[in-house]
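Report on one structure; see the data block that follows.
The shown structure was predicted, so the numbers you read here are calculated from the model rather than taken from an experiment. Residues: numbered from 1 along the sequence shown.
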Amino acid sequence: MKKYDELKVFCKNTGEYLSMDGGEALIDLYETIKGRLNLHGEAVCVLVNNKVEDLHYPVFSPKHIEFIDITANAGYRVFTRSLCMVLYKALNDLYPGKRLCIQHSISNGHYCQIKHEEEFLTPGVIAQLKQRMGEIIAQDLPFLRRERLTTDVIEMFRKQGLKDKVRILESINQLYTIYYRLDDIIDSFYGPLVPSTGLLKVFDLIPYERGMLLLGPDRSDITRVAQWEPQPKLFHAFTDYINFNKIIRLGDVGELNRAIKGGYAPLLINVVEALHNKHFIQIADEITRRYHEGGARVVLIAGPSSSGKTTSSKRLAIQLMTNYIVPKVVELDNYFVNREHTPRDEKGDYDYESLYALDLEQFNKDVTDLLAGKEIAMPTYNFKTGEREYLGNTLKLEKGDILLMEGIHGLNPELTRLIPDEQKFRVFVSALTTLNIDDHNWIGTYDNRLLRRIIRDHKYRGCAALDTIKRWASVRRGEDKWIMPFHENADAMFNSSLLFELSVMKNYALPILQQVPSNTPEYAEATRLIKFLSYFEPLDEKDIPSTSLLREFLGGSSFHY
């Protein structure tokens, strides 16, 4: 076979051009230079022209490449997907015909069940699966990437009993489909896998609730397994919605696409919006009960970025008023310290997400005085001057009033350290996505919120997707530090996700994401999200009510923001 003329690729890891003959896979180049790459462990994938590819990517023309390890978000996703396929093979080897369902992420891992057989996963069975996974990893079996006509792949999945994958492939009308083979099984994912199972040594599989938790490496120390802890309230919030999905027979994107194509979208929207309303009523009723028992004078609503906290607080306020309780709103942003006293992050920038960007002493004094029946002077923070001002606004709690506060630190005990616990009612709001692409491909709650934020930033702040994606890692770090450690403190959890929302957001997000330049690092995340959205049948927003939480991001809300 004739070789191609010598070509060069630019390797970002080494900052140099490297020669290749043409036609080789990048894993061959990696093996020759990996000692110079300064990676944390082995590379698990590669960025080719700022797009994530597996290491067997063949090179036929000049490229810009960067080898990635599991400390990067893209690399960790590759590791996790590969580990999931090993779990699927272990189950198929030991218990052929059982249907693995990877439901959602929780407690630094991924919660898994056997579909329609909740009692199957005993500690003994889980131990057998873990042992078999270890054996498969020790064999260092290759993950073989293949691409064939979708009609052929559908038949292959049908023979393997993967009805969920047949359903999604039949609904998206693509000509060719990429799949992976691991020994005697095949599977598909919306991203690449590692070259072989030998790279997956750091893992664990443990009993968790009524299923099992699949754990990968700790991101801060990839030589050890991620630490887990029970999160019963968060788990219950997930389970509640998963059970709802079962009732309406809509648990994966293939079923959603079928419902939309069948003309059932208006009914679906009405049912899902009614579920939201039901939960707001339940939370309001519980607050009211505790209020009349002498507690719950302060309602604190917290949640991560783009979780829908603002609309949640407004809808909850309405429900409280129907219970003859009047919410008085205190905006935490008005308690920012003067700018020169604002903490700075590791880059030296002002860290407005830090708890200590707030004047905790003044805030606690004001709330304590309000609960004691005193009238207080309310501050206003001037974002232009960076100083707190008093403009004559006052606040006093009358009979039947309750304080309502929304902000990222609401569940942190330090925020309200001088307020007795029995006086507080804490609500955690997040988009806990329970819809899966298929049984082996879950939808991350972070992806749902990132798409919401991309749309909102573009629509209301004139911010390009490039900038939103660029800031997202910093946002996530702030959430992990200041919000997520405290969600189990909540008295109520509200799942703000809507089963149909990704089909609606697709219409908004795609043109924004397509504007991300291919010569930027953020292009990798944009192309991943575009690929993710390709699984969804688009849905028009016309039937979404003006009170819907989704309107906070799309526009057309009857609430003022």
- Taking atom CD of Glu361 as the centre, report whether more than 12 heavy atoms of other residues, nucleotides or ligands fall under 6.0 Å from it.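 No, not enclosed.
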
- With Arg453 as the cation and Phe553 as the aromatic partner, state whether NZ or CZ is under 6.0 Å from the six-membered ring centre and within 45° of the axis.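 So Arg453 doesn't make the cation-pi contact.
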
- Item | Passing candidate, ring pair (Phe, Tyr, Trp, His ring centres under 6.0 Å) with Tyr111, options Phe238, Trp442, Phe235, Trp228 |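 That would be Phe235.
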
- Query: Under 6.0 Å between the ring centres of Tyr446 and Trp472?
  - Reply: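 Ring centres of Trp472 and Tyr446 not closer than 6.0 Å.
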
- Query: Is the centre of the Tyr208 ring less than 6.0 Å from the centre of the His110 ring?
  - Reply: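 No, they do not, as the ring centres are separated by 6.0 Å or more.
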
Looking just at side-chain N and O atoms, do [X] and [Y] make a donor-acceptor pair shorter than 3.5 Å?
| X | Y | value |
| --- | --- | --- |
| Arg339 | Tyr352 | yes |
| Ser496 | Arg452 | yes |
| Asp285 | Asn323 | yes |

- Message: Nearest 0.5 angstrom please: Leu300 CG to Thr416 OG1, how far?
- Response: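 Nearest 0.5 Å value for the CG-OG1 distance: 5.5 Å.
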
- Spacing of OH belonging to Tyr324 relative to OH belonging to Tyr291, to within rounding of 0.5 Å: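 It comes to 14.5 Å.
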
What residue among [options] forms side-chain contact (heavy atoms from CB on, under 4.5 Å) with [X]?
| X | options | result |
| --- | --- | --- |
| Leu415 | Ile408, Leu358, Asn364, Val367 | Leu358 |
| Phe532 | Asn441, Val253, Ile437 | Ile437 |
| Ser503 | Leu268, Ile260, Leu533 | Ile260 |

- Taking Arg219 as the fixed residue, which of Asn108, Thr71, Asp480, Asn73 is the one that meets the side-chain hydrogen bond (donor to acceptor under 3.5 Å, both in side chains) rule?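 One option only clears the test, and that one is Asn73.
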
- Using the ring pair (Phe, Tyr, Trp, His ring centres under 6.0 Å) rule, take Phe428 and Phe494 through it: C-alpha gap first, then chi angles, then the decisive distance, then the call. CA-CA 6 Å; Phe428 178 71; Phe494 178 73; over 10 Å; no

Flag, side chain of [X] to backbone of [Y], donor-acceptor distance under 3.5 Å:
| X | Y | value |
| --- | --- | --- |
| Asp457 | Arg461 | no |
| Arg297 | Ile402 | no |
| Lys261 | Ser171 | yes |

- Item | Ring geometry between His409 and Trp482 (parallel below 30°, tilted from 30 to 60°, perpendicular above 60°) |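 It falls in the perpendicular class, over 60°.
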
- Message: Is any side-chain heavy atom of Leu360 closer than 4.5 Å to one of Glu414?
- Response: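 Counting from C-beta outward, Glu414 and Leu360 do come under 4.5 Å.
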
- Taking the side chain as every heavy atom from C-beta outward, state whether Arg344 and Asp351 have any pair of such atoms under 4.5 Å apart.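 Of all side-chain heavy-atom pairs linking Asp351 with Arg344, none is under 4.5 Å.
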
